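Below: one structure, written as structure tokens.
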Amino acid sequence: MDENQMQDICRVCRSEATPEKPLYHPCICTGSIKFIHQECLLQWLKYSRKEYCELCNHRFSFMPIYSPDMPNRLPIKDIFSGLLRSLGTAVRFWLHYTLVAVAWLGIVPLTACRIYRCLFTGSLSSILSLPLDIFSTENLFSDSLYGCCVVTCTLCAFISLVWLREQILHGGGPEWLEQEHEAAIHNIIDPPAEFANNNVQPIAQQAGVAENEDDIAANNGNEGNNGGQADVNNWNPIEWDHAAEELTWERLLGLDGSLVFLEHVFWVVSLNTLFIVVFAFCPYHIGQISISLCGFKEITVAPEFEGLLTTLFGYINIGIVLALLHGAAAVIRLHKTRRLLGICYVVIKVSLLSVIEIGIFPLVCGWWLDICSLTMLDATIHDREAGFRLAPGTSMFIHWLAGMVYVFYFASFILLLREVLRPGVLWFLKNLNDPDFNPIQEMIHSPILRHIRRVLVSLVTFGTTILLVVWLPVRIIEKLAPGFLPYHVMLSSEMPYSELSLELVLLQVILPALLEQGHMRQWLKFFVRTWCIGVSYILDIRSYLLGDVNIGEQQPDVAAAPAAPVEDEAQEGFQGGALAAAHQALFQPVSPSGFQPYKRPRFLPFKIVCLIIFICISLTLGSLVMITVPVFVGRKLMSLWLGNTKVHELYTIGCGLYVCWIMLRLCTLLWSWIPRGWNTISSKMKEYLLIIIKMLCAMSVLLGIIPILMGLLLDVILTVPARVSLNQTPLISVWQDWAIGVLLTKTFCAVVLVGPNWWMKRVIEQVYLAGIRNINLHLIFIELALPVIITLGLSLSVPYIIACSIIPMFSSSFELQNLVLRRIYPALLVFVLCVGAIIFQIRQFCRLYEHIKNDKYLVGKRLVNYEHRRIAANVVMSPTEEDVAAS
């Protein structure tokens with residue numbers, strides 16, 4: 001160590017080098033941060049959990065230091081002993097994880113399923129034979145799947161209950177519940193001492209009461225009462241005093257290697273049984289008793305969903321009973337019991353309203369949508385009834401899903417309307433983008449009659465909209481063009497290609513690209529704004545509808561809605577209180593948040609009625625155009641290609657939508673280019689023509705050659721050997737192989753993008769980030785497509801050459817050549833997989849060999865300087881006294 005090195009200092013501890021602690025320069029950093037002690041670096045790496053320098057990103061390297069008595073090659077005895085230890089560790093882990101899997105995927109679901117079945121059987125013998133039924137080996141797989149559904153439902157119910165509890169704690173309960181609790185605080189003088197250590201936020205503070213605990217103490221006149229009132233104020237009947245210890249997922253599930261998870265399994269089974277008894281068994285039997293007493297047994301007979309309907313009826317009866325008990329507790333002056341009953345009533349109310357708004361409402365919309373479109377799909381109500389009888393659960397789920405999609409797009413269209421219309425026009429609809437909007441809090445605080453009224457109004461609105469956009473256009477088409485409907489939506493086995501594969505291509509590739517690249521939202525906003533301008537010009541309501549007219553100083557003329565029901569509706573807060581804000585704007589010179597003043601025209605009620613009529617007519621005409629034009633264009637194009645062959649209307653709709661989109665796109669581009677002159681038009685056309693040529697060249701490779709090769713390779717490896725016998729000639733459909741290859745290409749790209757960093761991921765990301773305008777054909781052809789095409793081409797051609805050119809040199813038997821040609825592709829796949837497995841096992845054995853050597857002979861590690869890293873990496877050093885001391 002020379003004199004200059006002694007003047008250098010460690011970048012961590014700022015100390016100089018010593019004979020016991022020399023300085024190293026293990027990375028590219030220079031200057032005052034070049035040197036570091038090995039001990040300081042090890043501590044920093046342990047703290048930062050990184051293996052590279054945070055400044056220069058150079059990975060640190062350490063040289064292993066072995067014992068002097070280490071042989072050049074490990075003895076067979078050491079290798080076998082290390083192998084046995086590793087095998088024993090692997091077996092122990094395998095047994096542990098098998099026990100974990102059996103416990104969580106076997107015992108818990110089976111117990112839940114069979115306890116659920118035992119409770120709902122309704123016989124004493126099933127309860128007595130429950131221990132034998134739990135350990136029975138019959139129907140293990142089906143019972144496990146059914147039990148997983150039961151456990152999932154109970155887990156979701158538990159999470160929902162905990163979340164609802166947090167909503168009640170942080171947002172407060174209903175107004176009547178908080179008023180009762182506030183009165184109880186002022187009336188009770190000496191509360192029980194058992195509620196003294198509760199940390200819940202005071203409900204009086206949640207309700208906005210101005211008095212604090214000191215004010216309550218002053219009103220009562222002594223400080224002792226203050227403590228008691230604070231205790232009552234802090235008491236919450238649904239607070240769990242004994243919280244579970246903080247657990248990690250590994251410790252909870254047993255993935256940390258311990259057996260503590262068996263206790264968790266026991267508690268999960270117990271809590272699951274308790275939830276089944278409390279939230280399913282009791283409501284079901286209460287519903288059964290109530291239906292029998294009310295005489296509704298014959299009306300509610302529905303074998304498919306009898307249990308669900310009975311349980312819902314039981315919950316309704318439980319809610320009514322809780323309301324009655326709450327009133328009785330108020331008469332008897334049992335304040336704590338009354339609050340507990342009130343909170344239970346709120347939980348039942350929110351649960352039932354959630355089921356109605358999330359489950360029943362979309363289901364009704366889906367069924368109504370299906371009924372209104374029966375003629376369009378060439379179906380009858382008897383067909384739907386037969387499908388429901390055949391698979392009731394599937395039918396209900398499909399209709400619920402269709403209703404959810406319809407509700408989602410309806411809400412999205414309302415959000416788009418809010419971006420175009422004047423703030424305050426849609427005062428009667430909820431603003432989903434409002435940060436203060438919380439549907440759960442609204443369910444908690446609003447009366448149940450208001451929710452029922454909103455559901456009925458929503459049903460009328462959505463049902464009327466479905467009539468306008470589905471049923472009425474279908475009837476108009478039947479009158480004007482009798483042969484246009486119904487749509488051809490039946491799969492045909494006579495087609496020369498697979499319709500299912502093309503449906504997947506259309507749904508997974510074509511339509512998402514159209515929605516993503518088509519600027520649909522901007523165009524829809526443009527059409528809505530153009531329609532609003534036209535209607536405003538006809539009815540002279542532009543200030544009311546759009547709000548882009550300067551109203552000047554005419555404050556007395558501003559208004560928000562029909563004035564007659566404003567007073568009553570503002571008191572009720574119809575649809576989230578937006579009407580109250582509109583009513584307030586009538587009397588304030590400054591517009592409140594969410595409302596913009598407007599110039600009130602003459603005969604406003606009559607013009608609003610005319611506006612509603614215009615909306616209905618426009619919805620019908622717009623739906624009529626969307627139902628007919630894309631299908632008509634797609635049918636004409638398909639007839640030019642396939643002749644008179646009928647195809648699935650999904651293809652005609654997709655083809656027609658693309659053609660219409662291209663035409664609209666060209667028209668909008670020309671409209672924007674015309675004011676700039678012909679020179680600009682010609683230059684733009686040349687630019688876009690070049691982009692189109694580049695895009696077609698890239699698509700011919702990425703969506704043409706590569707998918708065909710991938711689909712053909714999959715066909716000869718899996719489909720042909722599995723479906724075609726040796727005495728038959730396989731028919732290769734290029735169209736079907738291309739369709740399957742497109743899906744494989746998309747899946748492969750998705751897997752590459754979410755996988756580790758390698759050259760293909762980097763190239764795909766560069767192509768995606770460049771976009772359509774900046775297509776780099778050299779990057780696509782040379783760096784991306786060429787290696788893939790070479791790999792796929794060799795995988796297809798080499799086995800074919802071997803089977804058709806090399807095998808005939810050794811044998812002239814046609815049967816042998818045919819057998820080799822059919823089996824060489826799957827055999828080659830098996831060979832590649834075996835070679836990969838062998839390479840993987842060799843690498844694992846090398847790691848095991850290094851692990852055994854390090855366990856027995858490694859005495860320490862020495863940090864390697866940056867300049868000498870490559871030279872010293874191949875040198876195995878003997879330990880010095882400093883190395884032994886450091887290790």
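Computed from a prediction, not measured in an experiment: that's the story for all the values here.
To the nearest 0.5 Å, atom CG of residue Leu858 and atom OG of residue Ser67 are 10.0 Å apart. Considering CD1 of Ile79 and CG of Leu74, their distance stands at 5.5 Å, rounded to 0.5 Å. Put simply, CE on Met760 and SG on Cys749 are 8.0 Å apart, with the number rounded to the nearest 0.5 Å. The CE atom of Met404 lies 12.5 Å from the OH atom of Tyr409; values are rounded to the nearest 0.5 Å. With rounding to the nearest 0.5 angstrom, the CZ atom of Arg73 is 15.0 Å from the CG atom of Asp78. Distance check, rounded to the nearest 0.5 Å: CG of Leu45 to CZ of Phe60 gives 6.0 Å.
The shortest side-chain heavy-atom distance between Ile440 and Leu164 falls under the 4.5 Å cut-off. Under the 4.5 Å side-chain criterion, counting only non-hydrogen atoms from C-beta, Pro26 is not in contact with Phe62. Under the 4.5 Å side-chain criterion, counting only non-hydrogen atoms from C-beta, Leu155 is not in contact with Val268. You'll find the side chain of Ile764 stays beyond 4.5 Å of the side chain of Phe748, heavy atoms only. Annotation: side chain of Arg11 is not in contact with side chain of Trp44 (no heavy-atom distance under 4.5 Å). Counting only heavy atoms from C-beta outward, the side chains of Trp104 and Val151 never approach each other to under 4.5 Å. Considering only heavy atoms from C-beta on, Tyr800 stays 4.5 Å or farther from Val716 through its side chain. Counting only heavy atoms from C-beta outward, the side chains of Ile65 and Lys861 never approach each other to under 4.5 Å.
Between Gln167 and Asn438, the shortest heavy-atom distance links the atoms OE1-ND2, 3.4 Å. The heavy-atom pair separating Thr668 from Trp523 by the smallest distance is OG1-CZ2, 4.3 Å. Across every non-hydrogen atom of Asn757 and Arg762, the tightest pair is C-NH1, 4.4 Å. When all heavy atoms are compared, the tightest approach of Tyr24 to Arg862 is OH-CG, 3.8 Å. Taking all atoms of both residues into account, the shortest heavy-atom contact from Pro787 to Trp759 is CB-CH2, 3.7 Å. In plain terms, the two heavy atoms of Lys684 and Arg676 that are nearest each other are CE-NH1, 4.0 Å.
The ring of Tyr688 has its center closer than 6.0 angstrom to the ring center of Trp673.
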Please tabulate, for side-chain N and O atoms in residues 695-710, each donor-acceptor pair with protein atoms closer than 3.5 Å (sequence neighbours left out).
from	atom 1	to	atom 2	distance (Å)
Ser700	OG	Leu696	O	3.3
Ser700	OG	Cys697	O	2.5

Check against side chain to side chain contact (heavy atoms under 4.5 Å, CB included), Lys746 and Val742:
CA-CA 6 Å; Lys746 182 181 178 181; Val742 169; 5.6 Å; no

Worked verdict on Met70 versus Lys856 for side chain to side chain contact (heavy atoms under 4.5 Å, CB included):
CA-CA 9 Å; Met70 184 188 74; Lys856 189 167 186 179; over 6 Å; no

Just do the side chain to side chain contact (heavy atoms under 4.5 Å, CB included) check on Val100 and Phe261 with the steps written out, would you?
CA-CA 8 Å; Val100 170; Phe261 77 96; 3.7 Å; yes

Trace of the side chain to side chain contact (heavy atoms under 4.5 Å, CB included) decision for Val108 with Asn272:
CA-CA 9 Å; Val108 173; Asn272 185 61; 5.9 Å; no

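Proximity of a side-chain donor or acceptor of Tyr825 to a complementary backbone N or O of Leu796 within less than 3.5 Å is detected. Judged purely by atom type and a 3.5 angstrom limit, His96 uses its side chain to pair as donor or acceptor with the backbone of Gly254.
In the displayed structure, Tyr97 atom OH is contacted under 6.0 Å by more than 12 heavy atoms of other residues, nucleotides or ligands.
Of the charged side-chain nitrogens involved, none lies within less than 4.0 Å of a carboxylate oxygen, so that Arg847 and Glu850 do not count as a salt-bridged pair. For the pair Lys34 and Asp8, the salt-bridge criterion is not met [side-chain N within less than 4.0 Å of a carboxylate O].
Listed by chain and number, the residues in a salt bridge (charged side-chain N to carboxylate O under 4.0 Å, His left out) with Glu51 are Arg59 (sequence neighbours excluded).
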